[in-house]
> 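Structure below; questions to follow.
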Amino acid sequence: MKKLVTTFKVFAVLSVLAFNSCQNENSEMDQQETIQAKITASDLKKEITPLSSQIVPEAVQLQLNESGKNLETYLKNDLQIAEVKVLGKISTQKGIDLSKSLIADKDQFIATGNIMDPSSVKIGKIGDLYHGDDLTTAQQGLKEVVTEEIKPGINVMEITWNSKSGKFTTLCFYKDSGIIWDNIFGGLIMMDSRGNSEASNNNQAAKVVSTWYKQWWTASWLWGSKRGETGYQITIYYSGSTVSNADVSDWGYISLGKAKSESKIIKKTGAYGQCRYALGLCTPTGSLSFNSSNFSMSFSGLGSNIVSNGTKSLYP
């Protein structure tokens, strides 16, 4: 009986030790999460080498000026650049790691949408705009931007914004040739949702005549330069009024974002040629997927995006 009691005591002591160990591990994890959550721009400033002047490169200033004009044109007082403060040059790998954490932090502000369609624009904290899987996708996309584009030696400035919801600040990374990333500049786009189209002039003198039609959608940075494009082009070959063949091509690309494009010919002979197309591009906080069964592109998450699915018939 004494042996049984002794064994029970030993088991009880081991259970308490195991319980305390788990408590300590959980406490350490909570402390790590608390420490990580407390990372701010002040921590990043410790890893920054100050610059001798608050003057930004000419290319960057031009982008700031043009962005301000376009925001005023389309969003009026809903979003304005209030102040720009040069912080300096990121000089350490730790500074890059902190930048990655800050850009994707739930308390950092971000914007999405097409400023030429003000109703599509959303501005707020990442944690307020994104939830669940969408939040994971958004944070991963933002961290990938930092990993690919922001290296030691990159400059950073702090931009203060006025919005209808109040003032907030963002970190803007740049080099001499221009702005690299900022959650507002990078999250918003300019786009004419109607797209563009062009058709060829036929050469009626040839025995077999070809003609083509192309349609595309362009996304621009806030300062006006092209950021990405997606589109398709169908070509038919015919003699008289009879089509003998047809082909189609597609394309999609975007700077600091995601793009996909698919197309196929579904009728290549007879009275006309016909193709199907599925096109999409988006900023890094969203994702695109192609469904081959119904030949369509779809967007998920929350981010600026262009998606176009359809068919095009082309006649001689």
Side-chain angles (χ1 to χ4, degrees), residues 112-117 120 137 141 144-145 148 186 188-221 224-316:
T112 68
N114 171 22
I115 68 169
M116 296 174 71
D117 175 16
S120 71
T137 299
E144 287 174 358
V145 167
E148 295 172 6
L188 294 171
I189 60 172
M190 294 175 60
M191 179 194 70
D192 184 346
S193 58
R194 295 171 299 180
N196 307 279
S197 62
E198 183 181 355
S200 64
N201 293 319
N202 299 343
N203 179 10
Q204 299 293 344
K207 291 183 179 180
V208 177
V209 181
S210 67
T211 187
W212 53 262
Y213 173 90
K214 70 176 181 178
Q215 187 175 20
W216 69 99
W217 289 261
T218 301
S220 298
W221 292 99
S225 62
K226 181 188 286 189
R227 180 176 179 178
E229 183 179 288
T230 187
Y232 71 93
Q233 178 173 314
I234 178 174
T235 302
I236 59 171
Y237 305 87
Y238 62 95
S239 178
S241 59
T242 303
V243 175
S244 58
N245 201 1
D247 57 51
V248 66
S249 60
D250 58 80
W251 63 93
Y253 61 88
I254 185 172
S255 175
L256 303 183
K258 304 166 186 175
K260 287 185 178 183
S261 62
E262 299 285 346
S263 63
K264 67 177 181 179
I265 290 292
I266 54 178
K267 180 175 173 57
K268 61 193 309 181
T269 60
Y272 60 92
Q274 189 177 65
C275 71
R276 292 193 70 173
Y277 59 88
L279 312 169
L281 56 81
C282 66
T283 49
T285 54
S287 60
L288 298 165
S289 58
F290 173 67
N291 186 328
S292 58
S293 61
N294 60 10
F295 210 86
S296 66
M297 195 73 66
S298 61
F299 171 81
S300 61
L302 182 64
S304 306
N305 68 91
I306 302 169
V307 171
S308 183
N309 299 296
T311 61
K312 175 63 182 177
S313 300
L314 190 58
Y315 293 80

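No hydrogens, no waters, no symmetry mates; every other heavy atom, side chains included, goes into these values.
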> Report the residue from Trp216, Trp212, Tyr213 that forms a side-chain contact (heavy atoms from CB on, under 4.5 Å) with Gln233.
Trp212
> Please round to the nearest 0.5 Å and tell me the distance separating atom CG of Leu302 and atom OG1 of Thr283.
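Leu302 atom CG to Thr283 atom OG1 measures 8.0 Å (nearest 0.5 Å).
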> My understanding is that only one of Thr235, Thr211, Val243 makes a side-chain contact (heavy atoms from CB on, under 4.5 Å) with Leu314; could you say which?
Thr211
> Given the ring of Tyr272, does Lys267 sit roughly above its face, with NZ or CZ under 6.0 Å from the centre of the six-membered ring and within 45° of the axis?
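Yes, Lys267 sits over the ring of Tyr272.
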> Given the rule in the side-chain contact (heavy atoms from CB on, under 4.5 Å) test, do Arg227 and Ser255 qualify, once you have shown the distances and angles that lead to the verdict?
CA-CA 5 Å; Arg227 180 176 179 178; Ser255 175; 4.2 Å; yes
> Do Gln274 and Lys312 touch side chain to side chain, with heavy atoms closer than 4.5 Å?
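In short, these two side chains do not touch, never coming nearer than 4.5 Å.
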> side-chain contact (heavy atoms from CB on, under 4.5 Å), that's the test. Do Asn305 and Leu281 meet it? Break it down for me.
CA-CA 6 Å; Asn305 68 91; Leu281 56 81; over 6 Å; no
> For Tyr277 and Ser308, what are the C-alpha separation, side-chain angles and deciding distance, and is it a side-chain contact (heavy atoms from CB on, under 4.5 Å)?
CA-CA 8 Å; Tyr277 59 88; Ser308 183; 3.5 Å; yes
> Would you call Leu288 and Val307 a side-chain contact if the rule is heavy atoms closer than 4.5 Å?
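The answer is yes; the side chains approach within 4.5 Å.
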> Given Tyr253 and Glu229, is the side-chain contact (heavy atoms from CB on, under 4.5 Å) satisfied, shown in steps?
CA-CA 6 Å; Tyr253 61 88; Glu229 183 179 288; 3.6 Å; yes
> Sub-3.5 Å donor-acceptor pair from the side chain of Arg276 to the main-chain atoms of Asn294, do we have one?
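It does hold such a pair.
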> Could you tell me whether a side-chain N or O of Trp251 sits under 3.5 Å from a main-chain N or O of Tyr232, the two making a donor and an acceptor?
no
